[in-house]
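This structure is a prediction, so every number in the text was calculated from the model and none was measured.
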Amino acid sequence: MPKRQRVIIDTDPGHDDAVAILLALACEELEVLGLTAVAGNVPLHLTEKNARIICELAERTDVPVFAGCEKPMKRALVTAEEVHGKSGLDGPELWEPSMELQKTHAVDFIIETIAASPENSVVLCPIGPLTNIATAFERKPEIISRIQEIVLMGGAYFQVGNVTPAAEFNIYVDPDAAQIVFRSGAPITVLPLDVTHKVMTTPRRLRAFRDLGSRVGHVVAELTGFYERFDLNKYGMEGAPLHDPCTIAYLVRPELFSGRHINVEIETESELTRGMTVADWWGVTSRKPNANFIGDADAVRFYSFITEKLAIY
């Protein structure tokens with residue numbers, strides 16, 4: 001069996017975060033070193049709680065959960081209860097997790113884990129605002145060169161914004177953190193709205209989750225069913241994009257995706273375009289490429305992959 005990829009998932013659960021975490025924990029190709037919670041879709045006290053609930057659902061209480069930054073680096077927190085509900089995971093019946101929250105701060109865990117690991121052996125997978133990652137980079141910049149890759153969900157180019165006309169939510173919440181990460185020099189792969197909007201839920205795909213006949217399959221169907229109602233109303237789409245699971249699918253099945261190595265800059269000054277990912281898709285500037293910007297995916301194989309992996313539960 002090939003060597004497992006060692007991954008830290010930085011997350012703000014969130015319905016699609018929950019599916020991404022369940023997917024990652026089901027993939028024998030990945031070794032999830034820990035979940036680091038950040039404020040985003042809902043405040044930190046809910047995101048760390050939701051991360052523990054998901055681990056309990058997966059019966060993986062061996063995976064440690066750490067609480068991180070409770071607000072962006074320089075700005076007030078913007079949340080998304082209108083999408084994810086008050087709990088962040090509205091839809092299924094939730095419970096109070098008994099799994100212990102780790103005492104170490106998430107940023108310290110990220111720094112210590114990378115510093116103690118062989119070079120190029122840890123992948124960071126941020127699927128929320130980039131506050132924890134950027135704070136770690138500012139506090140201990142020497143870890144940047146030790147990272148194997150950052151595979152993140154965030155940004156948009158052709159699909160523009162989902163929280164403002166110009167910005168995707170994860171980048172918008174903490175654009176200052178995103179700017180630090182994109183300018184860090186670390187290898188970055190970005191799964192933006194341009195690709196996530198090509199992997200839409202459908203009644204048949206949701207039914208496949210439910211037909212797994214497991215508790216996890218049932219909860220995933222309920223999560224995605226609740227979650228898609230927002231996009232159905234907002235965009236008039238036939239389904240909803242499963243944003244965050246794209247990062248896990250890319251790690252395990254990169255052949256399902258295609259994109260370009262381009263320059264991506266983050267707008268932090270303009271109120272009109274705050275959080276915009278200025279992606280030089282056509283190479284019209286002289287700026288050095290700094291990210292593998294994914295633009296397309298095989299939706300049929302993507303959903304087959306998720307269903308196949310979730311069947312492990």
Side-chain angles (χ1 to χ4, degrees), residues 1-13 17 20-38 40 47-48 51-52 54-55 58 60-69 101-154 170 174 177-178 180-191 244-254 257 261 264 290-292 294 309:
M1 180 177 175
K3 188 176 179 181
R4 300 166 76 196
Q5 294 188 75
R6 304 171 73 241
V7 180
I8 297 173
I9 299 176
D10 192 67
T11 178
D12 62 335
D17 301 74
I21 294 166
L22 289 168
L23 178 60
L25 296 178
C27 289
E28 65 276 11
E29 298 90 345
L30 303 178
E31 179 186 357
V32 180
L33 303 177
L35 304 181
T36 53
V38 67
T47 61
E48 57 87 353
R52 290 183 289 138
I54 298 159
C55 286
R60 288 295 308 274
T61 55
D62 58 303
V63 177
V65 176
F66 304 83
C69 299
L101 179 69
Q102 300 296 308
K103 293 182 173 61
T104 302
H105 193 281
V107 171
D108 294 323
F109 170 73
I110 291 168
I111 292 171
E112 292 165 8
T113 301
I114 295 171
S117 299
E119 288 189 12
N120 302 317
S121 68
V122 176
V123 175
L124 295 180
C125 188
I127 52 178
L130 290 163
T131 315
N132 285 341
I133 308 300
T135 302
F137 285 5
E138 283 216 320
R139 190 175 299 172
K140 206 75 171 176
E142 53 265 42
I143 68 171
I144 296 171
S145 63
R146 301 181 62 86
I147 294 167
Q148 178 180 329
E149 187 177 13
I150 300 171
V151 177
L152 68 90
M153 189 277 131
N170 286 344
D174 198 343
I180 289 169
V181 171
F182 276 87
R183 291 182 175 179
S184 69
I188 297 174
T189 290
V190 187
L191 285 298
D244 295 335
C246 286
T247 58
I248 307 304
Y250 176 84
L251 283 171
V252 180
R253 296 285 186 272
F257 301 88
H261 192 226
V264 180
N290 62 347
N292 179 26
I294 303 300
K309 290 297 185 181

Any side-chain to backbone donor/acceptor pair from N290 onto F182? Under 3.5 Å, distance only.
yes
So, for D108 and R139, which heavy atoms are closest and what is the spacing to 0.1 Å?
OD1-NH1, 3.1 Å
In short, salt bridge (Lys or Arg N to Asp or Glu O under 4.0 Å) pairs touching residues 115-124 with sequence neighbours left out are E119-R146
Side chain to side chain contact (heavy atoms under 4.5 Å, CB included) with Q148: which of V122, I114, V123, V7?
V123
Assess the side chains of T131 and D174: does a donor N or O sit below 3.5 Å from an acceptor N or O?
yes
Once you round to the nearest 0.5 Å, how far does CG of L152 lie from CD1 of I133?
9.0 Å
When you compare the side chain of V32 with that of L25, does any pair of heavy atoms fall below 4.5 Å?
yes
So, S121 side chain and S117 main chain: donor-acceptor pair closer than 3.5 Å or not?
no
Let me see the working for Q102 and V65 under side-chain contact (heavy atoms from CB on, under 4.5 Å), right down to the final yes or no.
CA-CA 6 Å; Q102 300 296 308; V65 176; 5.6 Å; no
Value rounded to 0.5 Å, distance of SG in C69 from CG in L130:
11.0 Å
Work out which heavy atom in A106 is nearest to a heavy atom in A37; give both atom names and the distance.
CB-O, 4.4 Å
Applying side-chain contact (heavy atoms from CB on, under 4.5 Å), run through N170 and D12 and close with a yes or a no.
CA-CA 10 Å; N170 286 344; D12 62 335; 4.3 Å; yes
Side chain proximity check, T47 to V38, heavy atoms < 4.5 angstrom:
no
Indicate every side-chain donor-acceptor pair of residues 246-254 with a distance under 3.5 Å to a residue at least two apart or in another chain.
from	atom 1	to	atom 2	distance (Å)
T247	OG1	D244	O	2.7
Y250	OH	N292	ND2	3.2

Using a 4.5 Å cut-off on heavy atoms from C-beta on, say whether the side chain of F257 contacts that of L191.
yes
Of the non-hydrogen atoms in A24 and I9, which two are nearest, and what is the gap between them?
CB-CD1, 3.6 Å
Return the OG1 to NZ distance between T135 and K140, rounded to the nearest 0.5 Å.
15.0 Å
Value rounded to 0.5 Å, distance of CD1 in I8 from CD in E31:
10.5 Å
Value for CZ (F137) from CD1 (I180), rounded to nearest 0.5 Å, stands at 10.0 Å
Backbone N or O of E28 within a donor-acceptor pair of the R4 side chain at under 3.5 Å?
yes
Taking all heavy atoms of P64 and all of D62, pick out the closest pair and write down the distance.
CD-O, 3.3 Å
The reported gap from CG in D17 to CD1 in I54 (rounded to nearest 0.5 angstrom) is 7.0 Å
Test side-chain hydrogen bond (donor to acceptor under 3.5 Å, both in side chains) applied to D10 - qualifying residues, sequence neighbours left out:
T36, N132
Is the closest side-chain heavy-atom distance between E149 and I188 below 4.5 Å?
no
side-chain hydrogen bond (donor to acceptor under 3.5 Å, both in side chains) test vs E29 passes for just one of Q5, K3, K309, namely K309
Which atoms form the tightest heavy-atom contact between A186 and I150, and what is the distance?
CB-CD1, 3.8 Å
N120 and S145: which non-hydrogen atoms are nearest, and at how many Å?
OD1-O, 4.1 Å
